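All of these numbers come straight from a predicted model, not from anything done at the bench. Letters A, B, ... mirror the listed sequences (proteins, then strands); counts begin at 1.
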Number of protein chains: 2
Amino acid sequence: MTKYEEIANAIRERIKQGTYPVDSLIPDQVSLAKEFNVSRMTVKRAMDILELEGLILRKRGAGTFVKKTALSHGYTASIIEYEGLTKQLSDKEVKSKIISFKLDFPDEEIQKTLMLDKHDPIYKIIRLRIVDGKPYILEHTIMNANLIPGVNEEVLLNSVYKYIQKDLNLKFGGAHRIIGADKASEYDIEHLNCREEDPVLEIEQIVYLEDGTPFEYSKSRNKYDTRTYNITDIR
Amino acid sequence: MTKYEEIANAIRERIKQGTYPVDSLIPDQVSLAKEFNVSRMTVKRAMDILELEGLILRKRGAGTFVKKTALSHGYTASIIEYEGLTKQLSDKEVKSKIISFKLDFPDEEIQKTLMLDKHDPIYKIIRLRIVDGKPYILEHTIMNANLIPGVNEEVLLNSVYKYIQKDLNLKFGGAHRIIGADKASEYDIEHLNCREEDPVLEIEQIVYLEDGTPFEYSKSRNKYDTRTYNITDIR
DNA sequence: CAGTGGTCTAGACCACTTT
DNA sequence: AAGTGGTCTAGACCACTGA
């Protein structure tokens, strides 16, 4: 733990506890530097973190204020998770049903999105995620099979993301998402407990490793009244 | 323009131009510090920017690499804009039709989301946004009328966000968004050229000023096949 | 004009990777 | 062991705000 992280944690805690109330001025950097026995630069770095988290507002010449929103939406709300459903809904019972699991070659579209050659193998997976016994999300996934080898039934029935991070020791680097609405498909009607007239929320995503290599393209579909996608966006 | 911004710009340009190719090592910080005649800390600050933009990957002990995705999705793609439709679609003709424009008091729900008292005035606005002559988005907006005074027909027919930033000289501080799918409502069918069975994509949002005061709650609805919501999310 | 936060430096030491 | 990026310092100067 670095000094600036420790200071950021300490000040974040003071904001949460109300020691530094919403809308009030925080002590200036020189005072804080004295209090924590560090240089002012280090205090500033701590403030950089809290600013990114949306907790404070800095005004040159005036001082540093606690934002009105500091208490309402938690500071981690802005971070989109890569842990997959299994961890996102850790208080619920998440199960998976494999609808289809094939090896194939990519078409031209997928070759482009996943940076693949014509003869690089891919997994084609269709999985139904079941939460507390109810069908929840229907996932259509295409994955680079050279990058993510060894995917099997056991992995698919648990968490693929955990497998990639823990067993393969790979790190995620980001994702691109496209969110839209669609009419229910035959698949949706069969597996998601949808009627023909029920809208479906679809999240398309390309997920990257830390060096920028795309390893997965997927479409997650769910019945319109079961899930929303939330974003907290600062500044 | 600060030195670290100038260095970040210069290096970003080299990445875009291919001087530093994708997947290659960038010169080390000491060399760059010499080249630009600055201290190493300043080079590091420039790198901080490029890392946030998702252009580079830094490995302690190894060096700094250009990410594979550095060229594909532009570095500004990760930033969600507050400029409203008028600027987002600046190459298209954006018009607005005011469906309804009222003053009212907030109900309990809105009192909570917009941090208002029972007797604080609010605008209730329903606007249809028309792009290239076609109905595009139906916006239901509730706005704090004390914070954003002087909204009138002229403002509504142009850009409300421009009015807030330019004329009122207020700065935005972030937003919270909830994206979901829904069935078409009577309003949608009447104004969005929807059929009863057409799904609708809805984006609910609360928008904040820089000190964290919420000033607007809105729902933007559009026909399922006319618009998606895109997010680039780094790390 | 005093006080705030932002930038920048020159140098030290540390953690880590690669050879 | 050499070289990389990360942290931290003590101090300087600057830009801006508010009384």
Side-chain angles (χ1 to χ4, degrees), chain A residues 1-12 14-15 20 23-67 70 169-171 173 209-212 235, chain B residues 1-12 14-15 20 23-67 70 169-171 173 209-212 235:
Chain A
M1 178 79 79
T2 59
K3 287 193 190 179
Y4 64 84
E5 281 173 310
E6 272 171 21
I7 296 169
N9 293 344
I11 296 187
R12 189 187 302 110
R14 290 180 190 175
I15 292 173
Y20 300 151
D23 237 5
S24 69
L25 263 170
I26 280 180
D28 64 278
Q29 296 180 354
V30 177
S31 315
L32 289 171
K34 262 183 209 156
E35 184 197 333
F36 289 102
N37 262 301
V38 295
S39 74
R40 186 162 74 92
M41 275 298 307
T42 304
V43 171
K44 189 192 162 292
R45 299 254 258 134
M47 294 304 186
D48 289 343
I49 295 177
L50 301 178
E51 181 168 55
L52 265 181
E53 291 173 354
L55 290 179
I56 59 169
L57 168 68
R58 297 194 276 189
K59 280 189 183 170
R60 182 186 283 193
T64 301
F65 301 82
V66 180
K67 274 203 195 190
N169 217 4
L170 295 171
K171 280 178 194 149
L209 297 178
E210 62 169 355
D211 71 348
R235 255 179 163 221
Chain B
M1 180 78 79
T2 59
K3 287 194 191 180
Y4 64 84
E5 282 174 309
E6 271 171 20
I7 295 169
N9 292 343
I11 295 187
R12 189 187 304 110
R14 290 180 191 176
I15 291 173
Y20 300 151
D23 236 5
S24 69
L25 262 169
I26 280 180
D28 64 277
Q29 296 180 354
V30 178
S31 314
L32 289 171
K34 262 182 208 156
E35 184 198 331
F36 290 102
N37 262 302
V38 296
S39 73
R40 185 162 76 90
M41 275 298 307
T42 305
V43 170
K44 189 193 161 291
R45 300 254 257 132
M47 294 304 185
D48 289 343
I49 295 177
L50 301 178
E51 182 168 56
L52 265 180
E53 291 174 354
L55 290 179
I56 58 170
L57 169 68
R58 298 193 275 188
K59 282 189 184 170
R60 182 187 282 194
T64 301
F65 301 81
V66 180
K67 274 204 195 188
N169 218 4
L170 296 171
K171 280 178 194 149
L209 297 178
E210 63 170 353
D211 71 349
R235 253 184 166 209

Any residue of residues 24-34 of chain B with a heavy atom less than 4.0 Å from an atom of DNA chain D: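 Residues of residues 24-34 of chain B under 4.0 Å from DNA chain D: B:Asp28, B:Gln29.
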
A:Ala62 vs A:Thr2, nearer the 5' end of DNA chain D by closest nucleotide: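 Result: A:Thr2.
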
Whichever of A:Arg60 and A:Lys3 has its nearest DNA chain D nucleotide further upstream toward 5':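 Its nearest nucleotide being more 5', the pick is A:Lys3.
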
Side-chain N,O ([X]) to OP1/OP2 ([N]) below 4.0 Å:
{"X": "A:Tyr4", "N": "D:dC8", "answer": "no"}
{"X": "A:Thr42", "N": "D:dT7", "answer": "no"}
{"X": "B:Thr64", "N": "D:dG5", "answer": "yes"}

Atom pair CG/CD1 of B:Leu50 and B:Ile26 - distance to nearest 0.5 Å: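 If we round to the nearest 0.5 Å, B:Leu50:CG and B:Ile26:CD1 are 7.0 Å apart.
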
Interatomic spacing from CD in A:Gln29 to OG1 in A:Thr42 - rounded to 0.5 Å: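 Taking CD in A:Gln29 and OG1 in A:Thr42, the distance rounds to 10.5 Å.
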
Side chain of B:Arg58 (C-beta onward), nearest among C:dT7, C:dT9, D:dG5: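 Given the options C:dT7, C:dT9, D:dG5, the side chain of B:Arg58 is closest to D:dG5.
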
Closest to side chain of A:Arg40, choosing from D:dC13, D:dT7, C:dT9: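 Looking only at heavy atoms from C-beta outward on A:Arg40, the closest nucleotide is D:dC13.
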
Check: D:dG6 base within 3.5 Å donor-acceptor of A:Arg45 side chain: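 Checked by distance alone, the answer is no.
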
Heavy atoms of other groups near B:Lys44 NZ, more than 12 under 6.0 Å: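 Buried by this count: over 12 neighbours within 6.0 Å.
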
B:Ile15 side chain reached by B:Ile56 side chain, heavy atoms, under 4.5 Å: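 Yes, close enough: below the 4.5 Å cut-off.
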
Lys NZ or Arg CZ of A:Lys3 over A:Phe36 ring: under 6.0 Å, within 45°: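 No, A:Lys3 does not lie over the aromatic ring of A:Phe36.
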
